[in-house]
Protein chains: 2
Amino acid sequence: MNETPKSFEALEARITEDYPSLSRRLQQTARFLLDHPQKVAFATVAKLAQEAEVTPSTLIRFANSCGFKGFSDMQELFRSRLVDELPNYTERIRAVLTATGEAPDSTQLLWEFAEANRDALEQLPGRIDPKHLEQALDILENAEAIHVLGARRSFVVASYVTYALHHIDKRAFLVNGLGGMYGEQMRAIGSDDALIAVSFSPYAEESRQAAEQAHERGIPIVVITDSSLSPMARLADVALVVHEAEVKSFRGLTASLCLTQTLAIALGMRKDKTLAPSSGAGDQEHA
Amino acid sequence: MNETPKSFEALEARITEDYPSLSRRLQQTARFLLDHPQKVAFATVAKLAQEAEVTPSTLIRFANSCGFKGFSDMQELFRSRLVDELPNYTERIRAVLTATGEAPDSTQLLWEFAEANRDALEQLPGRIDPKHLEQALDILENAEAIHVLGARRSFVVASYVTYALHHIDKRAFLVNGLGGMYGEQMRAIGSDDALIAVSFSPYAEESRQAAEQAHERGIPIVVITDSSLSPMARLADVALVVHEAEVKSFRGLTASLCLTQTLAIALGMRKDKTLAPSSGAGDQEHA
DNA sequence: GGGGTAATGGAATAAAAATTCCATGCATAC
DNA sequence: GTATGCATGGAATTTTTATTCCATTACCCC
């Protein structure tokens with residue numbers, strides 16, 4: 001047996017290394033521990049065992065297999081890790097920012113971005129009108145298939161929406177303009193389908209044109225954009241307006257992703273409710 | 001006796017207020033608690049008593065005098081402080097959630113997602129090792145061009161990275177496997193280039209193979225993944241591990257996006273510093 | 001200075017938690 | 001099939017930790 005890890009990082013490395021050779025339950029334990037170091041620091045063996053869905057014995061065995069005398073011994077490392085971390089978020093940013101020269105610029109930046117995006121997310125739910133959200137869901141629910149349009153920065157969101165829709169078993173197509181075929185892809189939209197158009201400033205012309213075309217055909221359109229003044233908004237049956245974080249003139253996407261994630265899961269829950277009123281939406285794995 | 005404090009802040013206020021009227025030992029205890037909240041969160045009554053140079057009984061008495069049922073009860077607040085920092089937000093969610101019938105499910109869900117993603121973002125900067133971040137930037141800075149690999153859910157992140165890199169005028173290519181040409185695209189990577197591989201559970205086999213191939217060729221690899229147990233992690237020159245929010249078995253992407261955003265901008269700032277030391281990174285528009 | 005009151009320390013007790021141990025299950029090799 | 005070895009769950013045990021209680025001390029008012 002190797003020597004026992006002396007720091008959290010060492011433990012992490014050790015677990016990573018040993019992982020493949022561990023038994024099923026011990027692997028399960030390993031994953032839980034690395035995924036929830038926070039909880040491990042505080043909770044008791046019994047509580048953790050319950051959460052990780054293993055028995056207390058397994059936790060102890062795991063600790064032993066890492067070379068610790070017992071679970072408590074291992075827990076020490078999880079705790080020491082938290083002690084190093086500063087308690088208050090804003091304080092910590094300030095600490096990093098003022099200690100110029102010590103912490104690298106990149107880490108300061110990471111704190112700034114995280115904080116800015118957190119702000120954006122905090123404001124998001126309050127700014128979205130519940131009525132609009134429901135209307136969007138109505139449209140999507142009634143659609144035979146959903147086509148998703150988004151260029152440049154919006155492409156990221158569009159591809160995520162498509163991915164998420166697939167996961168709830170909703171037919172979805174990403175209008176990606178591959179081979180310069182925006183027009184062709186848009187014409188392939190059936191009359192019972194719907195369109196989700198994502199568009200952020202500076203609004204890509206090709207997206208606008210494509211959306212206009214769909215609008216003329218009477219295809220229902222849900223627009224996700226960053227301003228109600230967006231040229232897309234007036235084409236929309238429902239427009240969802242998202243304010244993104246901005247750091248160093250660079251806009252984030254977290255709020256939009258959060259919104260689209262919600263759209264997809266809410267849609268999934270509606271489907272489940274229709275099909276089997278008793279079950280939840282929790283049956284897609286690792287989505 | 002007043003009611004028991006429900007948050008660490010409330011407790012702090014309460015102690016401050018009561019302080020003058022406390023006995024000598026209790027004052028001593030109060031000072032110790034406020035000076036070392038960190039320790040209080042973790043240690044046992046006996047240990048703390050020793051450190052504070054009072055007896056265990058005194059600690060218990062103190063907790064009781066603040067209105068708690070026992071010491072453990074009070075310790076809860078010291079712990080919760082280290083874990084979650086905003087009771088306001090959670091309260092708001094709960095308010096929305098309990099007012100069932102009024103707000104539609106979808107809006108509740110939006111609040112949940114926003115909160116979960118905020119959590120993920122809160123933990124992100126503390127979990128990323130500044131050294132790793134710098135190493136990743138070193139690799140990217142020295143690369144002639146950067147290739148970005150990511151399938152399925154990771155594709156969203158990969159395409160965002162590519163987009164962001166273009167915006168800081170770094171040559172970037174998205175390895176998208178279009179036409180089933182993963183192998184071909186990977187072989188097109190030059191010997192002075194670098195690879196960013198994004199991979200989340202369930203780890204896509206095609207990504208692993210592609211990364212393996214690059215690894216054998218000695219191409220520097222930066223991996224962005226959700227667990228240090230990821231099969232990609234061992235191929236990496238630097239592995240950045242991100243914990244994403246999870247609601248209803250559906251994982252978010254906000255933390256990963258935030259991290260990649262940071263990588264791109266930090267890289268941009270380095271370039272600017274090299275070219276014209278006086279200016280910042282703020283010259284790309286609406287990126 | 002004496003009697004009372006509140007504070008304190010420490011030992012005894014109760015509660016909770018960690019750990020051990022064994023019976024059972026499961027898979028694999030023969 | 002059967003036997004063997006490791007993995008697992010759960011109950012029993014031990015250890016640790018929190019709490020209570022009471023004897024002692026310090027302080028204050030009379």
Check the side chains of [Y] and [X] for a donor-acceptor pair under 3.5 angstrom, ignoring hydrogens and angles.
{"X": "B:Q185", "Y": "B:N176", "value": "yes"}
{"X": "B:S230", "Y": "B:S227", "value": "no"}
{"X": "B:R31", "Y": "B:Q28", "value": "no"}
{"X": "A:T58", "Y": "A:T55", "value": "yes"}

- [ ] Indicate whether OP1 or OP2 belonging to C:dG9 is found under 4.0 Å from a side-chain N or O atom of B:T58.
- [x] yes
Using a 4.0 Å heavy-atom cut-off, does [X] contact any base of the nucleic acid, only the sugar-phosphate backbone, or nothing at all?
{"X": "B:S57", "answer": "base"}
{"X": "B:R24", "answer": "sugar-phosphate"}
{"X": "A:T55", "answer": "base"}

Task: A:F42 ring center near B:F42 ring center (under 6.0 Å) - done: yes
Task: Check: A:F8 ring centroid to A:F78 ring centroid under 6.0 Å - done: yes
Open item on the list: If the threshold is 4.0 Å, N to carboxylate O, is there a salt bridge linking B:E212 and B:R208?
Closed with: yes
Open item on the list: If you take any heavy atom closer than 4.0 Å to DNA chain C, which residues from residues 43-52 of chain A end up in contact?
Closed with: A:T44, A:V45, A:A46
What is the distance from [atom1] of [X] to [atom2] of [N], rounded to the nearest Å?
{"X": "B:Q28", "N": "C:dA7", "atom1": "CD", "atom2": "P", "value": "15 Å"}
{"X": "B:L26", "N": "C:dA7", "atom1": "CG", "atom2": "P", "value": "8 Å"}
{"X": "A:F68", "N": "C:dT19", "atom1": "CZ", "atom2": "C1'", "value": "16 Å"}
{"X": "B:Q75", "N": "C:dA16", "atom1": "CD", "atom2": "P", "value": "14 Å"}
{"X": "A:L59", "N": "C:dT20", "atom1": "CG", "atom2": "C1'", "value": "15 Å"}
{"X": "B:R61", "N": "C:dA7", "atom1": "CZ", "atom2": "C1'", "value": "7 Å"}
{"X": "B:K69", "N": "C:dA15", "atom1": "NZ", "atom2": "C1'", "value": "11 Å"}

TODO: For the pair A:H36 and A:F32, name the ring-plane relationship: parallel under 30°, tilted 30 to 60°, perpendicular over 60°.
DONE: tilted
Open item on the list: I'd like to know if the side chain of B:Q75 reaches the main chain of B:T44, judged simply by a donor and an acceptor atom lying under 3.5 Å from each other, with no hydrogens or angles considered.
Closed with: no
TODO: Taking heavy atoms of chain A and a 4.0 Å limit, find me the 5'-most and 3'-most nucleotide of DNA chain D within that range.
DONE: D:dA7 to D:dG10
